[in-house]
Amino acid sequence: MTNLILGIETSCDETAAAVISGGHTILSNVVWSQVAIHHPYGGVVPELASRKHMEKIVPVVEEALAVAGADSNGIDGVAVTCGPGLVGALLVGLSFAKAFAYARGLPLTGVNHLHGHIAAVYLQPDPPPFPFVALLASGGHTNIYYVAGPMDFEHMGQTRDDAAGEAFDKVAKILGLGYPGGAVIDQLSQQGDPERIRFPRAFLDKAGFDFSFSGIKTAVVRYVQSEKEGTGNIPDIAAGFQEAVVDVLVQKGISAAKARSCQHLALVGGVASNRRLRERIREAAQEAGIAVHIPIPELCTDNAAMIAAIGYHQLSRGEESFIDLDVYSKTMHSGRLGVVKL
Ligand code: KG4
Ligand code: ZN
């Protein structure tokens, strides 16, 4: 019986816990954001992130259980993010999850954070039927998958350099808008003209599904250095940059769905909370006769409900982890400018 799943997520700078029922109903979804802690450093400081997770993990889980009205003995299984992410941060969530599961004799399953982002659409009132294509755009990754079943992810393409969210964060830094940059650029762009400054779109080879976002960032740096215009121009730069990233994501996402004859496209990850991207991909999908599925913004950015959602399927299929379960950093955040090395 794997009805009530406790999900735990500590891969970066959010301490998160959630309880979901039956693989699709969210009973609680608690996220404690560390943004204010890392903001003065202009990026996530791994050591500080781990320490804050240590402090917050117990109260966050307690709150998730209380909001769900679940006794800790009423939980049927535990799902925890094992990677990719910051190793020290992941270890806090994993150690807690192991102790929680071991003490109660519960099944434990280790979850890939990226699969979790995709599983956010399983929590939607109207989830996409299989197969569908998923475009994942976050701070550490920009990937396209063909999703044949709840746990069947075929990788179709990825960024060759910066992730889309990373480009947002770096451009925000260049424009002096602080960290993290995505939401600020989203906001500021509403006052800007997206057509006035045209930044390059790197579509790479038309047939493939790889991305490149480092060129757009460099173009913004060059523009800022050459123009030396006043701050009044910043909304136009933000809107022009955002439009370029959105153009590429929309075109690649739609053409990936077409290439695999999929009538359903999911847009997930932190960047999927971007208003312009949500609007433009909906328009383009409608034109192409494709149904687009985008989680509510709270389920696009890091959370534990999505971890519990994929964990539910893993546990239902008997994919239990052992007590020697370990974490992995993989590509996530390595070499990412958003992470500060002290
Ligand atoms: O998925 P996420 O919460 O964490 C990772 O797994 O990386 O994504 C965080 C990324 C950050 O780069 C952040 O700037 C970006 O998502 N982001 C946005 C918006 N909200 C968050 N990017 C564009 N527009 C937004 N509204
Ligand atoms: Zn994430």
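Whatever order the structure lists ligands and atoms in, that order sets their numbers, starting from 1.
- Distances from ligand 1 to the non-hydrogen atoms of R275 include no value under 4.0 Å.
- Numbered from 1 in the order shown, with element, the atoms of ligand 1 that lie under 4.0 Å from a heavy atom of H113 read 6 (O).
- Rounding to the nearest 10°, we obtain 100° for the angle at the Zn ion (ligand 2) between H117 NE2 and H113 NE2.
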Would you tabulate the side-chain donor-acceptor contacts of residues 82-93 under 3.5 Å, counting partners in other chains and residues two or more places apart, or write 'none'?
none

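- The closest approach between C12 and ligand 1 stays at or above 4.0 Å for every heavy atom of the residue.
- The one candidate from I310, L106, T109 that meets the side-chain contact (heavy atoms from CB on, under 4.5 Å) condition with L315 is T109.
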Only pairs under 3.5 Å count here: list side-chain donor-acceptor contacts from residues 282-301, not counting sequence neighbours, and write none if there are none.
residue: H293; atom: ND1; partner: D126; partner atom: O; Å: 3.3
residue: H293; atom: NE2; partner: H264; partner atom: ND1; Å: 2.8
residue: T301; atom: OG1; partner: P297; partner atom: O; Å: 3.4

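- Under a 4.0 angstrom heavy-atom cut-off, H117 registers as being in contact with ligand 1.
- Atoms of ligand 1 found under 4.0 Å from any heavy atom of T301 (numbered from 1 in listed order, with element): 3 (O).
- Proximity to G165 (heavy-atom distance under 4.0 Å) selects the following atoms of ligand 1: 12 (O).
- Between D161 and S212, the side chains place a donor N or O and an acceptor N or O closer than 3.5 Å (distance only, hydrogens not considered).
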Practice prompt. Using the salt bridge (charged side-chain N to carboxylate O under 4.0 Å, His left out) rule, take K217 and E166 through it: C-alpha gap first, then chi angles, then the decisive distance, then the call.
Written response: CA-CA 10 Å; K217 173 201 68 195; E166 188 178 358; over 6 Å; no
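- Counting the atoms of ligand 1 from 1 in the order shown, those under 4.0 Å from a heavy atom of G140 are 7 (O).
- With 2.8 Å as the limit, H141 does not count as an N, O or S neighbour of the Zn ion (ligand 2).
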